[in-house]
Number of protein chains: 2
Amino acid sequence: MRDVARLAGVGIKTVSRVINGEPNVSVATAERVRRAAADLLYEPDLHAGNLRRADGRSRTLGLLVSSVANPFAAQVHRAIERVANAYGYAVLAASLEDDPAAELRAVTALSRRRVDGFIVTPVRDDQSYLRVHVDRGTPLVCVDRTPKGIETDCVVTGNIDGARDAVRHLVSYGHRRIAFLGDLERIETARLRREGYLTELAAAGIEVDPALIVLGLHDDATATAVVRTLIALPDPPTAIFSSQNLITIGTIRALQQLGHEHDIALVGFDDLETGDLMKPAITTVAQDPDRIGRLAAERLFAHLDGDPGPARQVVVPTRLVVRGSGEIPGPA
Amino acid sequence: MRDVARLAGVGIKTVSRVINGEPNVSVATAERVRRAAADLLYEPDLHAGNLRRADGRSRTLGLLVSSVANPFAAQVHRAIERVANAYGYAVLAASLEDDPAAELRAVTALSRRRVDGFIVTPVRDDQSYLRVHVDRGTPLVCVDRTPKGIETDCVVTGNIDGARDAVRHLVSYGHRRIAFLGDLERIETARLRREGYLTELAAAGIEVDPALIVLGLHDDATATAVVRTLIALPDPPTAIFSSQNLITIGTIRALQQLGHEHDIALVGFDDLETGDLMKPAITTVAQDPDRIGRLAAERLFAHLDGDPGPARQVVVPTRLVVRGSGEIPGPA
DNA sequence: CTTGCGCCCGACAACGTTGTCAGGTCATTG
DNA sequence: CAATGACCTGACAACGTTGTCGGGCGCAAG
């Protein structure tokens, strides 16, 4: 900026005024400054400005997700980015890989970079440590999982209702022996989907068979193995509700290997882009990551605009995508 | 920092020394400072430090990709993030959606935030405008596509060889009428894959039939429509090489709709996670986004470490994933 | 002609931090 | 006992920018 001022023959404050579009600069001077800035390929230093600027906004927000490579998280990310860009914001994203220590590390790293707000997928048992940041004026919105130990805005999928929809759908096709394949119990969404499964079974007056409930799955290979043992049971399930994407994939693989894909019904939580290309095509409970991300970002900017309203939890409903595997009838 | 200094009863410079682990602070003083910092939940301002710090590093790097929601880009992103984290770096990512204007906007936005380096998927016809940044000491590495108008490190998939592998594979199963379904011609990878297709046909002594080459596809629906017309041809293809993920999906859909999935061979460029669950399972040419991202990040940090070596292009080979659809034999 | 006001413009301090430098304390050495 | 040097410590300037303030100029009104 110094150099631009010198080249244009004005004071640095005048350059600042031109760059920031402040009034009270003559047209001729402004033009000279703009030319000088262009000649020198000058780019203002946003962070140096923040240091002194009244609002002190870095126009950058921090996003903590399970992994930027996870398709669900990546779509949430994209939706957030879209809103952020409209506000002139950039997004610093960090992958936590479900590691509680990584959550702390990432918050520290982003905090030191002075992000204006956090969008966090909670991993730890307790997010109360984030209150400091909120109190200091860095708003926080949680996505996908609810925070513990702090009241804040939160945007989540309707996990319970989605799971109930899946189970109700299977029940409506005559199934009563419906297996549940769940992710690690320490993951909130896994617990909620299990809860939805149990609730709907109860609502349908179906007794729970513990042998049909397998928890703690986290990858497709394990899911495949589990499904094989389930089917080998003396009284095997006639339908399966797999509560996560990779588990669904592992389940399909097992069913195909055993040649049971056409006589055991399957509904998966989380949509598969290629679900319609399999035989049978896979019925799923689709989440809406785009909407989740957009709503979370909008809540965050509402805080940044100073008009937060009360902290509230927004539940984004799922959508049952009927394709075939979920409509295989149960025993007559 | 001021407050920490006051609370610990020392000068701010001493706090700075403790925070940065500089020597020449007595153990007792250091401990007092650390306690004070902890009590006040002090977080140093990285950007304020950079302003004065000798190296002036923001410990943040900028990543420009087609879209953070694109599975390939997301995996590249994750791999870069892994390397970046090991160096204490954070990643600012921006989605370009193949919009040349967005490329400029994103570079400006990241430059103003003083990222220490750029990893860019080029979209524009010319990246010479980035030379300014390189000259000013902000290194640049390109990924997935080669830059134009500037010599710089670049990490790309072996598009030509991958396409040749696909075609050679089909030829080896007796096919001579192999259709090519290409993405928009303005996308470099699309052009290279077409080139590979043509080269391998020539090498096999097969005459090119222009009727079997369809370019400019960018989504699955269009691909589906195109495949339907190809199959309706008087002399239809016996095999299809679809050169991009969505196109492959659209192709499978068309083949299934027409009941030709078992008699027309198919190889797709870019792997499908669920490729083995379809009937037939889909043979693909898999890219290695993890390796691409890792290598790109390593090249960038080599520059930041001051040991760049000459600008070079790294080509990451593809891998043929044989699953079934590509092994359907051609006419005897 | 003087006064007052509005418009331009630049000097200066300040933002939170680090580099420089000088000063002060204490033990060791001649 | 004086001199030396190693070790600690803080005052101050500086990084690139913006907020504050006051000065100069031109013009309209009294």
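Numbers restart at 1 for each chain; the letters A, B, ... are given by sequence-line order, proteins then strands.
Between the side chain of E103(B) and the main chain of V123(B), a donor-acceptor pair closer than 3.5 Å is present. S67(B) contributes a side-chain N or O that, together with a main-chain N or O of A69(B), makes up a donor-acceptor pair within less than 3.5 Å.
Checked against dT17(D), dC7(C), dG16(C), the side chain of L51(B) finds its nearest nucleotide in dG16(C). Ranking dG10(D), dG16(D), dT17(C) by closeness to the T14(B) side chain, first place goes to dG10(D). Closest to the side chain of M1(B), from the set dC9(C), dT18(C), dT18(D), is dT18(C). Here the side chain of A48(B) is nearest to one of dG16(C), dC7(C), dC8(D), namely dG16(C). Set against dT20(D), dG10(D), dG16(C), the side chain of K13(A) has dT20(D) as its closest nucleotide. Nearest to the side chain of N20(B), among dT18(C), dT17(D), dT9(D), sits dT18(C). Nearest to the side chain of S26(B), among dG19(C), dC8(D), dT17(D), sits dC8(D).
Straight-line distance from the CZ atom of R114(B) to the P atom of dC15(D): 15 Å, rounded to whole Å. In this entry the distance linking CG of N50(B) with P of dG19(C) reads 11 Å, nearest Å. As rounded to whole Å, 10 Å separates atom P of dT20(C) from atom CD of E22(B). Remark: C1' of dT17(C) and CG of D55(B) are 13 Å apart, rounded to the nearest angstrom. Computed from coordinates, the H47(B) NE2 to dT17(C) C1' distance equals 13 Å when rounded to whole Å. Atom P of nucleotide dT17(D) and atom CG of L46(A) are separated by 10 Å, given to the nearest angstrom. If you measure from atom CZ of R6(B) to atom P of dG16(C), you get 11 Å, rounded to the nearest angstrom. A straight line from CG of N24(A) to C1' of dG26(D) spans 15 Å, rounded to a whole angstrom.
Listed pair R52(A) / dA14(C) fails the phosphate criterion, with no side-chain N or O lying under 4.0 Å from OP1 or OP2. A close approach under 4.0 Å does not occur between any side-chain nitrogen or oxygen of S16(B) and OP1 or OP2 of dT17(C). Within the structure, a side-chain polar atom (N or O) of T29(A) is placed less than 4.0 Å from OP1 or OP2 of dC9(C).
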Q: Given side chain to side chain contact (heavy atoms under 4.5 Å, CB included), test T60(B) with R113(A) step by step and report yes or no.
A: CA-CA 9 Å; T60(B) 304; R113(A) 287 174 177 80; 2.9 Å; yes
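Of the residues V141(B), D288(B), V314(B), the one that meets the side-chain contact (heavy atoms from CB on, under 4.5 Å) test with L295(B) is V314(B).
Residue-level contact check: I12(B) touches the bases, meaning some heavy atom is under 4.0 Å from a base atom. Within 4.0 Å of D45(A), counting heavy atoms only, lie sugar-phosphate atoms of the nucleic acid but no base atom. Residue P23(A) is out of contact with every strand shown, counting any heavy-atom pair closer than 4.0 Å. Residue contacts for A54(B): at a heavy-atom cut-off of 4.0 Å it reaches the sugar-phosphate backbone alone, with no base atom in range.
Toward the 5' end of DNA chain D, the nearer of the two residues G9(B) and E43(A), judged by each one's closest nucleotide, is G9(B). Both V15(A) and G49(A) sit near DNA chain C, but only V15(A) has its closest nucleotide nearer the 5' end.
Side-chain contact of S66(A) with E97(A): a donor-acceptor pair under 3.5 Å is absent, judged by distance alone.
Relative ring orientation between Y89(A) and F301(A) is described as perpendicular, the plane-to-plane angle rising above 60° on a 0-90° scale split at 30° and 60°.
Within 3.5 Å, a donor on the side chain of R17(B) pairs with an acceptor on the base of dG10(D), or the reverse.
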